[in-house]
Amino acid sequence: MSSSPAFAPAAAIRELDVDGEVTLYHEPTRTALVLNQTASDVWRLLDGQRTVAEIVELLARAYDTDADTVRSGVHTALEQLAAHRVLDGHARP
Amino acid sequence: MSMARVLDVLGVQVEVPADGDGSPEAVYGAAALIAIERSTRLLLHAGAVALDGRAVLFPGASGTGKSTTVAACVRRGLGYLSDEMVALDLRTGAVEGWARPVMLTPWAIRTMGLPGSRPDEGDGKAAVPCDALGGAVVAGAVPVAHVVGLRRGGAETTLTPMPAGEVLAQLLAASFNHYRHGAAAWEAAAVVAGQARGWWLDVADVHAAAEAVAGLPYSPA
């Protein structure tokens, strides 16, 4: 997954918070998804504007660690979210 | 001439062969499949007992130890809801159990200290009425206080907390017919996961497991 695109929640996604973790429901496929803590944090930062690199930086600061440590987790989370078709993505100019 | 009888499976009336025609496991299994097909309620594959008037759910597939754990809990004095399936009310989040006889293997029957099983019997399960376990059926819907995932084969019997997200995943995975209810089923399961407390129960000894369940903290679901 490229580090330059920005992602946003796809349309037709419903979201609930369960004790600090995010669960999603994809209406078209009637599929529920339960996110782990990292994926939940990534999801909350998806606004269609932030790049992946910016999300990595924000989470590294939040977790009080370096970007390299959180980068793979962020990429894994985004790949899993994309695989479940809950993301809209585009390349930022 | 063979007679039929009617089972009430969580509100679905299912005609099954009379007692003695077919193994209890096959008869009740077939009845469950028909009920799942016909029911308009959200059905979960879960054992359940009542503790302080609230439900303790054991969601899980066949072979995870639901029936044996439920039987041990009933022997320990907890109320009986089901060893197999509960209906979750989408509006209130309360559950009602299918209080069929508990399906126990000869090993489980011996372990419970019940008569009627010989060491040379096969693996076929017997239908053991709740009262034979010294327990009582809890009728009607009760709120869910705890969701317990069973894990077998541990070196010792231990309870460890399960995160709410995992509780939700367990409930959704245990749902027989959530596809009929769409987002309403997801929302109801999420509410239960947010309100109930989740636990992993590693079971080395089933009586110690029942003791651990009986000692779960009071949880005002």
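Each chain gets a letter, A, B and so on, in the order the sequences are listed, and its residues count up from 1.
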Q. Who in residues 12-25 of chain A is close to chain B, using a strict under-4.5 Å heavy-atom cut-off?
A. A:R14, A:E15, A:L16, A:V18, A:D19, A:E21, A:T23, A:L24, A:Y25
(Q) With chain A as the partner, which of B:G194, B:A193, B:A164, B:P163 has the greatest number of non-hydrogen pairs under 4.5 Å? (A) B:A164
**Q.** Separation between CD of A:E27 and CH2 of B:W186, rounded to the nearest 0.5 Å
**A.** 8.0 Å
**Q.** Residue-level interface, residues 30-46 of chain A with chain B, non-hydrogen cut-off under 4.5 Å
**A.** A:R30, A:A32, A:V34
Q | Close approach to chain B in residues 59-68 of chain A, criterion heavy atom under 4.5 Å | A | none
Q | With sequence neighbours excluded, residues passing side-chain hydrogen bond (donor to acceptor under 3.5 Å, both in side chains) with B:E37 | A | none
Q.
Does A:R85 have more than 12 heavy atoms from other residues, nucleotides or ligands lying within 6.0 Å of its CZ?
A. no
